[in-house]
Amino acid sequence: MYPFIRNRRLRTSESIRRLVRETIVTPDDFLVPLFVVEGKGIKEEIPSMPNYFRLSLDLLEKEVKELWQMGLCAVLLFVKVDERLKDNKGTEAINPNGLMQLAIKTIKNACPEMLVMTDVALDPYSSYGHDGIVANGQILNDETAEVLAEMSISHANAGADFVAPSDMMDGRILTIREALEDEGFTNTGIMSYSAKYASAFYGPFRDALDSAPVDKVNVPKDKKTYQMDFANRYEAIRETQMDIDEGADIVMVKPGLCYLDIVRELRNQVDVPLAVYQVSGEYAMLKAAAEKGWLNHDAVMLEQLTAIKRAGANIIASYFAKDFIRVCG
Ligand code: PBG
C-alpha cells in the first residue's frame with residue numbers, strides 16, 4: 001500500500017527538525033573536569049589530551065571565572081601531587097593546606113556560585129598509584145574507606161559542595177555519609193562513581209596526573225579487583241542501587257560512549273540524577289582523529305554528547321565542555 005504515513009515529513013527542514021528534536025544538550029548539562037598543579041603561572045598542555053591543561057591556582061582562578069562567564073556552572077577537581085608527597089595511605093590528601101583544599105578555596109573565593117565537586121580517591125596521592133591502601137599485594141577495603149571519609153571531611157571543610165568518590169571500594173558511600181553527618185556537613189552532597197569500569201580509556205588521565213599503578217612486586221598492576229569488569233551489566237545495577245541505599249545523591253556511569261547500554265539501563269531503574277563521565281581516552285580519540293583530518297571534530301563531538309544525553313545522562317562530565325560552548329553557546 002502507498003504510504004500515508006511518511007516519517008520523512010518530520011525531517012523536511014531544519015525548522016521541523018528543531019521542533020521535534022527530542023534531546024538537546026545545554027551548558028547546564030556539563031560538569032567540567034579541571035587538573036590543578038603546584039606553582040604559579042603554570043598552564044601545561046597534557047600531551048595525550050590536546051588543548052587540555054594542568055593549571056596552577058592563579059590560572060585556575062582565571063579559568064573558573066571564564067567558565068562561569070560561558071554559562072558553565074559546575075567543576076570537578078583533580079590534583080597532580082608532587083612525587084615527594086605521595087605515600088601508601090595518601091596522607092597528603094587530608095592536609096588542610098593541600099593543593100586540593102587550596103583549589104576549592106580559590107574557586108569559592110573567585111566564583112562563589114560555581115558548584116565545586118572534588119574527586120575522592122587515593123591514586124593521585126598514592127606512592128603505588130592505587131585508589132586504596134596497598135598491603136600484601138591487595139587493596140584494603142575498609143581501611144581505605146576510612147581515609148576516603150577523612151578526605152571528604154577535609155574537602156567539605158575547605159568548601160566543596162559535593163565529594164565524588166571514584167575509588168569503587170565497598171561501603172564507602174555509607175562511611176563517607178556518616179562522617180559528613182557527624183561533622184555537621186549535612187548539605188554536602190555525594191556523587192558516587194557507582195558503575196566505574198576497569199577501562200583502558202583512562203590512560204591519558206593517568207598521564208595528566210602521573211597516577212598510574214606503579215610496576216613493583218606486591219603491587220597489583222591494574223585496578224581490576226575494585227573497578228568493574230567491562231563485560232558486566234547486572235552488576236552495574238547492583239553497585240548503583242547499593243550506593244543509593246548508602247546515601248549517594250548522584251550516581252555515575254564511567255566511561256561514557258562504550259557504556260551507553262548501562263546508562264539507559266540505570267536511567268530506567270533508579271530515580272536519582274545520573275551522571276556520565278566521557279573520559280580522557282574518549283577525548284583523546286576524537287582529538288587525534290580530527291588532527292589527522294579523519295573526522296569532523298565539532299560534528300562528531302556534538303553527536304557523541306547528544307548520544308550520551310539521549311541514553312539517559314542528566315549530567316555529563318566532559319573535557320569537551322568549552323568546545324561545546326564554542327560551537328553551540
Ligand atoms: C581516579 C580517577 C580516574 C579517573 C577519574 N578519577 C582514573 C582511574 O580510575 O584510574 C579517570 C578519568 C578520565 O580518564 O578522564 N580514581
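Read the numbers this way: they start at 1 and go in the same order the structure lists the ligands and their atoms.
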Subject >> For ligand 1, the portion of Ser166 having any non-hydrogen atom under 4.0 Å away >> reply: both
**OP:** For Phe78, take its heavy atoms, then give the atoms of ligand 1 lying under 4.0 Å from any of them.
**Re:** 5 (C), 6 (N)
Original post:
Taking Gln278 for the side chain and Tyr319 for the main chain, is one N or O donor matched with an acceptor at less than 3.5 Å?
Top reply: no
Original post:
Any sub-3.5 Å donor-acceptor pair from Asp161's side-chain atoms to Val116's backbone N or O?
Top reply: yes
Original post:
Evaluating non-hydrogen atoms only, which member of Asp131, Val120, Asp167 is closest to atom 16 (N) of ligand 1?
Top reply: Asp131
Subject >> Glu38 and Ser56: side chain donor to acceptor below 3.5 Å >> reply: no
Original post:
Judged by modelled atom types alone, do Asn141 and Arg172 share a side-chain donor-acceptor pair under 3.5 Å?
Top reply: no
Original post:
Which atoms from ligand 1 have a heavy atom of Ala121 less than 4.0 Å away?
Top reply: 16 (N)
Subject >> Atoms in ligand 1 with a heavy atom of Arg206 nearer than 4.0 Å >> reply: 8 (C), 10 (O)
Subject >> Short side-chain to backbone donor-acceptor contact, Tyr283 and Pro50, under 3.5 Å >> reply: yes
Subject >> Expected output: side-chain Thr12 to main-chain Arg8 donor-acceptor under 3.5 Å >> reply: no
**OP:** Among all protein heavy atoms, pick the one closest to atom 9 (O) of ligand 1 and tell me residue, atom and distance.
**Re:** Lys196 NZ, 2.6 Å
Original post:
Do Tyr125 and His130 have ring centroids that are under 6.0 Å from one another?
Top reply: no
**OP:** Specify the protein heavy atom at minimum distance from atom 5 (C) of ligand 1: its residue, its atom name, and the distance to 0.1 Å.
**Re:** Lys254 NZ, 2.5 Å
Original post:
Can you tell me if Gln227 has a non-hydrogen atom under 4.0 Å from ligand 1?
Top reply: yes
Subject >> Closest protein heavy atom (residue, atom, distance) for atom 8 (C) of ligand 1 >> reply: Lys223 NZ, 3.3 Å
Original post:
What atoms of ligand 1 come within less than 4.0 Å of a heavy atom belonging to Tyr319?
Top reply: 12 (C), 13 (C), 15 (O)
Original post:
So, Phe78 versus Phe35, ring centres under 6.0 angstrom or not?
Top reply: yes
**OP:** Please identify which atoms of ligand 1 are closer than 4.0 Å to at least one heavy atom of Tyr277.
**Re:** 12 (C), 15 (O)
Original post:
What is the closest protein heavy atom to atom 3 (C) of ligand 1, and at what distance does it sit?
Top reply: Phe205 CE2, 3.3 Å
Original post:
Within the side chain of Asp249, is there an N or O that forms a donor-acceptor pair under 3.5 Å with the backbone of Ile190?
Top reply: yes
**OP:** Among all protein heavy atoms, pick the one closest to atom 14 (O) of ligand 1 and tell me residue, atom and distance.
**Re:** Ser280 OG, 2.7 Å
Original post:
Just heavy atoms, cut-off under 4.0 Å: does Asp123 contact ligand 1 by side chain, backbone, both, or neither?
Top reply: side chain
